[in-house]
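One structure is given below, encoded as structure tokens.
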Amino acid sequence: MTDARIFLSPPDVSDLERKLLLKAFDSNWVAPVGPDLDAFEDQVAELVGVRHAVALSSGTAALHLALIAAGVRRGDTVLVPSFTFAASANAVMYLGARPVFVDSTPDSWNVDPDLIADELASRAERGQLPRAVIAVDMYGQCADYEPLLTACDRYGVPLIEDSAEALGATYQGRAAGSFGLAGVLSFNGNKIITTGGGGMLVTDDGRIAKQARHLATQAREPVAHYEHRSVGYNYRLSNLLAAVGRGQVQRLDQMIAARRATFQFYRQALGDLPGMTFMPIADYGTPNYWLTCLLVDEGRDRIIAELARHDIEARPAWKPMHLQPVFQDCVMRGGGVSADLFHRGLCLPSGSALTARDRERVADVVRSTSKRGG
């Protein structure tokens, strides 16, 4: 019997989610409305510690609506970390605005607060302040929000927290997603919890939540006929997927514990290898250990290829946005740190359903490949 393929971060669903899904199905609440959708929003709002949550079709949709709430319009600029997934920048482009990319700090791999502050100061002097700042919680670890919020507040620029990868993480005791004008969550199939596809906008501002719900349902006015006074979007999550999310939220602590155990295993099994260093864990909070990532001085691509030969999925770290062809004409502040993270970064399988045997298979291949490569 051959070993099964090991994926990077596959969905982890149980009989609980199946029962909730079938119950919702049998109730015939299958549209983007229903009791499970309401309950899912309430669960996540309580978990994050905010007053409002709006369940949407994707984290990207939540980013788009958050940027609209921030007042971003055509011709504006928005500061965005370069070291992130493309959705963080794509949502800016949807509105005809332009991202200005900012480098990371090696201390946490998140956006550098000092560079954000410097860029805001420089733009304030020129009378060219950005309309918003997006901070991204990378690989399940929060950005450093105290200095980020201080800088944004100084110039009256709203902060949006892209916490797509970090549900369950904390910063100074506060939950990821609870900072700034609005937070953004993702329930894509590879995230720490999933609805099979989906996301959520979370906020303390009732006006923003109301606006997001309105725009996410094609901006239909509350009258008997179909009346539209603005352009809307088909962004609401279905009740069926929300039922799956309800079960996933109940198991979140268990999933974080499993991913933490995987991180600790890899660090113990691989930490002594020369030229390998794990992503730093900042002392200002607790991550959710979504992905275990490390830097490899030499031979990163060789390790990925050898893992693939053994039917194990691994990936490089995110390719920075300023190195992406589609964003080649955008302004970049710094760049050396995020470029280095891309060239040396390695993401190992980290799913919460990984078995002890799975982890050992991964570690054995990495160790043997590292030793052969020198």
Side-chain angles (χ1 to χ4, degrees), residues 63 76-93 97-126 128-152 154-155 157-166 171 179-180 184 277-285 287 291 293-297 300 315-347:
L63 270 171
D76 287 337
T77 57
V78 177
L79 303 192
V80 182
S82 182
F83 188 62
T84 184
F85 178 57
S88 306
N90 285 344
V92 176
M93 302 290 284
R98 297 289 290 178
V100 173
F101 296 118
V102 181
D103 207 359
S104 298
T105 169
D107 296 337
S108 70
W109 299 13
N110 281 296
V111 70
D112 189 327
D114 291 337
L115 287 180
I116 291 286
D118 289 347
E119 186 67 16
L120 288 173
S122 174
R123 288 178 173 271
E125 290 179 358
R126 305 195 307 267
Q128 298 176 352
L129 278 170
R131 185 69 64 177
V133 171
I134 296 176
V136 181
D137 299 332
M138 289 305 306
Y139 294 124
Q141 176 165 240
C142 287
D144 193 355
Y145 283 104
E146 186 173 6
L148 285 171
L149 287 168
T150 296
C152 288
R154 179 179 298 127
Y155 298 102
V157 177
L159 176 74
I160 295 168
E161 181 184 2
D162 181 348
S163 197
E165 303 170 4
Y171 175 83
F179 295 91
V184 170
T277 53
F278 283 80
M279 175 179 167
I281 303 300
D283 60 7
Y284 52 59
L291 289 184
C293 306
L294 58 155
L295 297 179
V296 182
D297 287 348
R300 188 273 312 271
R315 292 184 184 175
W318 297 123
K319 182 175 183 178
M321 293 302 99
H322 75 281
L323 299 180
Q324 300 284 355
V326 68
F327 296 120
Q328 62 183 345
D329 296 329
C330 293
V331 174
M332 176 65 195
R333 182 68 183 263
V337 173
S338 55
D340 180 61
L341 294 176
F342 166 59
H343 289 302
R344 293 195 293 141
L346 171 64
C347 304

Only one of Asp118, Leu148, Thr150 clears side chain to side chain contact (heavy atoms under 4.5 Å, CB included) with Pro113; which?
-> Leu148
Closest approach of Thr77 to Gln128 (non-hydrogen atoms, all atoms of both residues) = OG1-O, 4.5 Å
From CA spacing to verdict: side-chain hydrogen bond (donor to acceptor under 3.5 Å, both in side chains), Ser104, Asp112 = CA-CA 5 Å; Ser104 298; Asp112 189 327; over 6 Å; no
Check Leu323 against Ala339 and note the closest heavy-atom contact, atom names and distance.
-> CD1-CB, 4.2 Å
If you round to the nearest 0.5 Å, how far is SG of Cys142 from OH of Tyr284?
-> 7.0 Å
Closest heavy-atom pair and its distance - Trp109, Cys293 = CZ3-CB, 3.6 Å
In this structure, CG of Asp76 is separated from CG of Leu129 (nearest 0.5 Å) by 11.0 Å
Atom of Arg300, atom of Ala317 and distance for their closest heavy-atom approach = NH1-N, 4.2 Å
Side-chain donor/acceptor of Ser82 to backbone N/O of Pro320, under 3.5 Å | no
Using atom types as modelled and distance alone, determine if a side-chain donor or acceptor of Asp103 lies under 3.5 Å from a backbone N or O of Ser338.
-> yes
If you look at every heavy atom in Pro99 and Val80, which pair is closest and at what distance?
-> CB-CG2, 4.0 Å
Between Phe83 and Phe342, is the ring centre distance below 6.0 Å?
-> no
Starting at SG of Cys152, measure out to CD1 of Ile116 and round the result to the nearest 0.5 Å.
-> 7.0 Å
Verify, without hydrogens or angle tests, whether Tyr171 (side chain) and Glu146 (backbone) share a donor-acceptor contact under 3.5 angstrom.
-> yes
Does Lys319 offer a backbone N or O that forms a donor-acceptor pair with the side chain of Gln324 under 3.5 Å?
-> yes
Can you establish whether the number of heavy atoms outside Arg333 located under 6.0 Å from its atom CZ is more than 12?
-> yes
Arg123 side-chain N/O to Pro130 backbone N/O, donor-acceptor pair under 3.5 Å = no
Can you name the one residue among Ile134, Val111, Val136 that meets side chain to side chain contact (heavy atoms under 4.5 Å, CB included) with Thr84?
-> Val136
Counting distance only, does the side-chain N/O of Asp107 pair as donor-acceptor with the main-chain N or O of Pro280 below 3.5 Å?
-> no
With distance as the sole test, does Glu165 use its side chain to make a donor-acceptor pair with the main-chain N or O of Gln141 at under 3.5 Å?
-> no
Work out which heavy atom in Asp162 is nearest to a heavy atom in Ser88; give both atom names and the distance.
-> OD2-OG, 2.7 Å
Test log, rule side-chain hydrogen bond (donor to acceptor under 3.5 Å, both in side chains), inputs Tyr145 and Asp137 | CA-CA 10 Å; Tyr145 283 104; Asp137 299 332; 2.6 Å; yes
Taking the six-membered ring for Trp, are the ring centroids of Phe85 and Trp318 within less than 6.0 Å of each other?
-> yes
